[in-house]
Protein chains: 2
Amino acid sequence: MVNTLHGRNYEQTELGPRLKPCAPHDVLSRMGDKWTILTLLLLAIAPGHRLRFSAIKNGIEGITQRMLTVTLRHLERDGFLVRHYFPEVPPRVEYELTDMGSSLLPALEGFTGWIREHWPLIEEARRTFDEEHHRRAGGK
Amino acid sequence: MVNTLHGRNYEQTELGPRLKPCAPHDVLSRMGDKWTILTLLLLAIAPGHRLRFSAIKNGIEGITQRMLTVTLRHLERDGFLVRHYFPEVPPRVEYELTDMGSSLLPALEGFTGWIREHWPLIEEARRTFDEEHHRRAGGK
DNA sequence: CGGAATCCTTTCAGATACTG
DNA sequence: CAGTATCTGAAAGGATTCCG
């Protein structure tokens, strides 16, 4: 028998509930990668929710051309943005948030707010843990 | 000059805002990993927010002993749960959510709700994209 | 300008074996 | 029972080069 809990499938066994990895996980893992949210955020605050490639690259400290391309392709594939290609010389490409794309960040706000609130506690917990386990500097 | 936007630091340049990777990112990336949320969820629905190692292992389909240990250590380090060790033979270890740990999932609910709502659109966007780019089956 | 292709290094995760 | 240690293959991320 399969039930649903917090939107996740699980089966009830004689030992208790048993959870399965579920589909929406990969949206969350995408948001957890290094550049995705920064990219979305930059587009979200841009006029018209639209920027050209070099503007995005310029707006994110440390991102390489390759990683930006990869990130943009993922976002395009999932329908969070659309790519507008202008075959001029030199070529120009603009990326524009879709409606779904712009609705994502506000939905995430609640959680990022929680993180900001609790961040000091987390850092303190890490320091305590690292001391007790005699780790040398910033273990993972 | 450094400002804050959606809780993120950025500097204002003559070319526009420039975002930096920020600290809270690593909480999000932890939640995006394969087992963390499942582990938290299982503890959250357990009586007393408390389970022993083998019970958790049993409750998550496909997790290995090693990955559960790693996941639990991370969560412990960040202060989301505490480890109770009973030096019996055979040994017994129980993991218990902290208050911070139990407050995390509800905070995430808004976003997981958004994901569930939009999941069909995302899947459709992927199909369309993959067709247009003549990809064979489930590109990344 | 905006990539794609390639190479390389680091990290991650699964499998397996051993231990207090 | 609840780990740790070790190995391996896979994946992520950066650097560099080339191209329409």
Side-chain angles (χ1 to χ4, degrees), chain A residues 15 20-21 25-26 28-39 42-43 50-77 81-96 129 133-135 138-140, chain B residues 15 21 25-26 28-39 42-43 50-77 81-96 129 132-135 138-140:
Chain A
L15 296 140
K20 300 166 178 290
H25 161 265
D26 73 46
L28 202 63
S29 73
R30 177 64 33 86
M31 296 308 134
D33 78 9
K34 200 167 175 183
W35 308 110
T36 296
I37 289 186
L38 293 174
T39 304
L42 203 66
L43 279 165
R50 193 169 171 137
L51 288 172
R52 58 189 297 180
F53 185 89
S54 48
I56 304 175
K57 176 154 173 18
N58 236 289
I60 302 178
E61 188 169 309
I63 197 169
T64 61
Q65 197 176 46
R66 181 184 174 302
M67 288 318 295
L68 180 55
T69 300
V70 168
T71 302
L72 289 168
R73 283 302 163 280
H74 283 153
L75 289 172
E76 188 192 0
R77 184 169 107 99
L81 50 79
V82 289
R83 180 176 185 266
H84 300 283
Y85 174 72
F86 302 91
E88 315 161 352
V89 272
R92 177 166 54 102
V93 178
E94 293 180 359
Y95 292 91
E96 182 188 15
F129 182 92
H133 294 73
H134 338 102
R135 301 260 175 97
K140 206 9 211 338
Chain B
L15 296 141
H25 162 265
D26 73 47
L28 201 64
S29 72
R30 177 65 32 86
M31 296 308 133
D33 79 9
K34 199 168 174 183
W35 308 110
T36 295
I37 289 185
L38 292 174
T39 304
L42 203 66
L43 279 166
R50 193 170 172 135
L51 287 173
R52 57 188 299 181
F53 185 89
S54 48
I56 304 176
K57 177 155 173 16
N58 236 290
I60 302 177
E61 188 169 308
I63 197 170
T64 62
Q65 197 175 45
R66 181 182 175 287
M67 288 317 294
L68 179 56
T69 301
V70 169
T71 302
L72 289 168
R73 284 300 164 281
H74 283 153
L75 290 172
E76 188 192 0
R77 183 169 108 98
L81 50 78
V82 289
R83 180 177 185 265
H84 301 283
Y85 174 71
F86 303 91
E88 314 160 353
V89 274
R92 179 166 53 102
V93 178
E94 293 180 359
Y95 291 91
E96 183 188 15
F129 182 92
E132 285 174 5
H133 293 72
H134 341 102
R135 301 260 174 97
K140 210 6 215 338

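What you see below is based on every heavy atom in this structure, not just the backbone, and it leaves out hydrogens, waters and symmetry mates. In what follows, every chain begins at residue 1, and chains take the letters A, B, ... in the order their sequences are listed. As the structure is a computational prediction, the values presented were derived from the model and not from experiment.
- What separates NE2 of B:His84 from C1' of D:dG3 is a distance of 18 Å, to the nearest Å.
- DNA chain D is contacted by both B:Arg52 and A:Gly62; B:Arg52 maps to the nucleotide lying nearer its 5′ end (nearest heavy atom per residue).
- The interatomic distance linking A:Arg73 (CZ) with C:dG2 (P) rounds to 12 Å, in whole Å.
- Applying the 4.0 Å criterion to OP1 and OP2 of D:dA2, one finds that B:Thr69 has every side-chain N and O outside that range.
- Considering only the side chain of B:Phe53, D:dA2 comes nearest among D:dG13, D:dA2, D:dA15.
- Rounded to a whole Å, the CG atom of B:Leu68 is 10 Å from the P atom of D:dA2.
- Closest to the side chain of B:Lys34, from the set C:dG14, D:dG14, C:dG3, is C:dG14.
- One N or O on the side chain of A:His25 and one on the backbone of B:Asp33 form a donor-acceptor pair closer than 3.5 Å.
- Atom CG in A:Leu28 sits 11.5 Å away from atom CZ in A:Arg30 (nearest 0.5 Å).
- B:Phe86 comes within contact range of no nucleotide atom at all, as no heavy-atom separation falls under 4.0 Å.
- Between the CZ atom of A:Arg30 and the C1' atom of D:dG13 there is a distance of 14 Å, rounded to whole Å.
- One interatomic measurement links the two molecules: CD of B:Glu88 to P of D:dG3, which rounds to 13 Å at whole-angstrom precision.
- When side chains are defined from C-beta on, A:Arg50 counts as touching A:His84, because their heavy atoms get closer than 4.5 Å.
- Atom CH2 of B:Trp35 is separated from atom OG1 of B:Thr64 by 7.5 Å, given to the nearest 0.5 angstrom.
- Closest to the B:Pro91 side chain, of the nucleotides D:dG3, D:dG20, C:dG20, is C:dG20.
- One interatomic measurement links the two molecules: OH of A:Tyr85 to P of C:dA4, which rounds to 11 Å at whole-angstrom precision.
- The CG-C1' distance, from A:Leu51 to C:dG2, rounds to 15 Å in whole Å.
- If you check D:dG3, C:dC1, C:dG3 against the side chain of A:Pro90, the one that comes closest is C:dC1.
- Note that the CD1 atom of B:Ile56 and the CG atom of B:Leu42 stand 6.5 Å from one another [nearest 0.5 Å].
- For a distance-only test at 3.5 Å, the side chain of A:Arg66 qualifies as a donor-acceptor partner of the base of C:dT6.
- Taking the side chain of A:Met67 as heavy atoms from C-beta on, and the options D:dG13, C:dG3, D:dG3, the nearest nucleotide is D:dG13.
- Between D:dG3 and B:Arg83, a contact under 4.0 Å exists linking OP1 or OP2 to a side-chain N or O.
- Contact annotation: A:Trp35 side-chain N/O to D:dG14 OP1/OP2 distance is under 4.0 Å.
- Within the model, atoms CG of B:Leu38 and CD1 of B:Ile60 stand 5.5 Å from one another, a figure rounded to the nearest 0.5 Å.
- Paired with B:Tyr95 under the rule side-chain contact (heavy atoms from CB on, under 4.5 Å), one option of B:Leu72, B:Leu75, B:Val82 passes, and it is B:Leu72.
- When distances are taken from the side chain of A:Tyr95 to each of C:dG3, C:dA13, D:dG3, the shortest belongs to C:dG3.
- A rotation axis mapping the C1' atoms of four pairs onto the next four is fitted at both ends of the helix from C:dC1-D:dG20 to C:dG20-D:dC1 over five pairs, and the angle between these axes is 40° to 10 degrees.
- Counting only heavy atoms from C-beta on, B:Gln65 has its side chain closest to D:dA2 among C:dG20, C:dA15, D:dA2.
- One finds the CZ atom of A:Arg92 at 4.5 Å from the CZ atom of A:Phe86 (value rounded to the nearest 0.5 Å).
- Atom NZ of A:Lys57 is separated from atom P of D:dA15 by 10 Å (rounded to the nearest Å).
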